[in-house]
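Each remark here refers to the structure printed beneath this line.
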Amino acid sequence: MIIIRPIRESDYQVLSDIARESGPGFTSLPENPDLLRRKIERTCDALAAEPCLDGSQGYLFVAEDTDSGEVVGTCGIETAVGLNEPWYHYRIGTAVHASRELNVYNAFRTLDLCNDYTGCAEVCTLYLKPDYRQGSNGRLLSKSRFMFMAEFPERFAERVIAEMRGYSDDQGRSPFWDGLGRHFFSMEYSEADYLTGSGNKVFIAELMPKHSIYLHLLPEAAQEVIGQVHRNTEPARRMLESEGFRFEGYIDIFDAGPTVATRLHDIRSVRDSRYVKARIGAEPPDGDGLFLVSNTKLADFRCTVAPLRPESSSVQIDQRLADALQVNGGEPLRIVPLKARQSS
Ligand SMILES: NC(=[NH2+])NCCC[C@H](N)C(=O)O
């Protein structure tokens with residue numbers, strides 16, 4: 001069984017392995033020991049503290065295989081971004097240049113550097129080891145965050161964003177970076193990405209173009225990938241959309257990947273999840289379908305996926321599941337169907 005729980009100090013080595021394994025392009029986990037240690041500490045601090053929306057708090061979780069004890073993935077939530085340092089996007093806009101006299105009308109798409117998502121919560125840092133990319137593991141890892149947010153909404157800003165990895169080709173080249181960023185930064189994409197991930201973002205303010213960029217002046221290859229996700233990120237994008245996240249015309253400043261956004265209480269797993277009391281039974285009843293199921297604890301938060309047959313106010317689970325979720329009979333669980341109901 002795969003169970004999601006908050007990260008702890010003893011997970012440092014695995015997190016460091018994941019940072020190496022995930023490679024460049026995985027902005028939020030750079031191979032930087034101090035930084036990784038600080039991320040773990042930050043989670044422990046946040047779990048021990050009252051909610052605070054000044055941007056200082058953030059959470060990392062890990063996916064643990066309960067059979068082997070092995071950590072096989074990680075995911076994170078930022079409580080409010082951009083409050084200690086600017087948070088950057090390009091906003092896609094429109095500029096119309098028209099002359100009635102000359103009978104000329106041109107509408108151009110433009111990009112402007114902005115900080116419009118300042119103060120939003122962010123779901124981030126999702127990585128699952130390749131051997132575990134099967135079944136419902138990916139969905140569990142991602143959606144467990146919504147179960148945590150549903151339980152502790154006061155810990156997060158009401159608007160929630162997710163920045164999706166943008167298009168790059170099989171050699172890892174980003175046509176958007178080559179067509180735009182490279183001219184201003186005079187470095188490789190991987191280096192710029194590493195610098196941002198390491199928390200050194202001053203160079204962005206120093207080097208980014210300050211004026212509107214007219215899209216039609218960019219190379220075709222760069223224009224074409226605006227708002228496109230990396231091939232491996234397609235499933236993640238569909239999943240977030242099924243939870244209610246939408247593209248609002250904001251893209252990443254380096255690779256033009258889309259940012260999707262919604263309100264915390266509009267996220268399907270938050271809105272549709274409900275409490276039931278755990279009833280411990282010998283045999284797990286044959287479930288109607290797969291459910292996300294979590295306990296309601298903060299520092300001991302646990303979440304997994306299981307086939308359940310919930311009743312209106314209780315659900316029967318077996319001892320193994322109760323142990324994994326760290327609940328006793330009679331204690332509350334939060335449940336929601338794993339998948340959005342298909343609209344007919
Ligand atoms: N792919 C990237 N590293 N983009 C850099 C910016 C990321 C993020 N929006 C920030 O302001 O920190």
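Both counts, for ligands and for their atoms, begin at 1 and track the order of listing.
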_Can you tell me which portion of W177 lies within the under-4.0 Å heavy-atom range of ligand 1? Options are side chain, backbone, both, or neither._
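The answer is neither.
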*May I ask you to identify, for W87, whether its side chain, its backbone, both or neither come under 4.0 Å of ligand 1 on a heavy-atom basis?*
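It is both parts that get close, each with some atom under 4.0 Å.
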*atom 9 (N) of ligand 1 [closest protein heavy-atom partner, distance rounded to 0.1 Å]*: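 Checking every protein heavy atom, the shortest distance to atom 9 (N) of ligand 1 gives E163 OE2, 2.7 Å.
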_Closest protein heavy atom (residue, atom, distance) for atom 11 (O) of ligand 1_ =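 For atom 11 (O) of ligand 1, the nearest protein heavy atom comes out as Y88 N, 2.8 Å.
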*Is the closest side-chain donor-acceptor distance between E188 and Y194 under 3.5 Å?*
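Per modelled atom types, E188 and Y194 side chains form no pair under 3.5 Å.
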*Is a side-chain donor-acceptor pair under 3.5 Å present for Y132 with D65?*
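Yes, because at least one side-chain N or O of D65 sits under 3.5 Å from a partner of the opposite role on Y132.
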*Check the angle between the aromatic planes of F254 and F203 and answer parallel, tilted or perpendicular using the 30° and 60° thresholds.*
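Judged by the thresholds at 30° and 60°, the geometry between F254 and F203 is tilted.
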*In this structure, are over 12 heavy atoms from other groups packed under 6.0 Å from E154 atom CD?*
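Yes, because the 6.0 Å sphere around CD of E154 holds more than 12 heavy atoms from other groups.
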*Indicate yes or no: does an N/O atom of D193 lie under 3.5 Å from an N/O atom of ligand 1?*
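By distance alone, the answer is yes.
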*Less than 3.5 Å between some nitrogen or oxygen of D252 and one of ligand 1, yes or no?*
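It does: an N or O of D252 is found under 3.5 Å from an N or O of ligand 1.
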*Under the 6.0 Å and 45° cation-pi test, does R8 pair with F61?*
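Negative - R8 is either too far from the ring of F61 or too far off its axis.
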*Examine R37 relative to Y12 and say whether NZ or CZ is less than 6.0 Å from the centre of the six-membered ring and inside a 45° cone about the ring axis.*
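The answer is yes; both the distance and angle limits are met.
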Below 4.0 angstrom from a heavy atom of [X], which ligand 1 atoms are there? Numbered from 1 as shown, please.
| X | value |
| --- | --- |
| T27 | 3 (N) |
| Y189 | 1 (N) |
| K201 | 10 (C), 11 (O), 12 (O) |

_Using ring centroids (six-membered ring only for Trp), state whether F176 and Y167 fall under 6.0 Å._
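Here the rings of F176 and Y167 have centres that are no less than 6.0 Å from each other.
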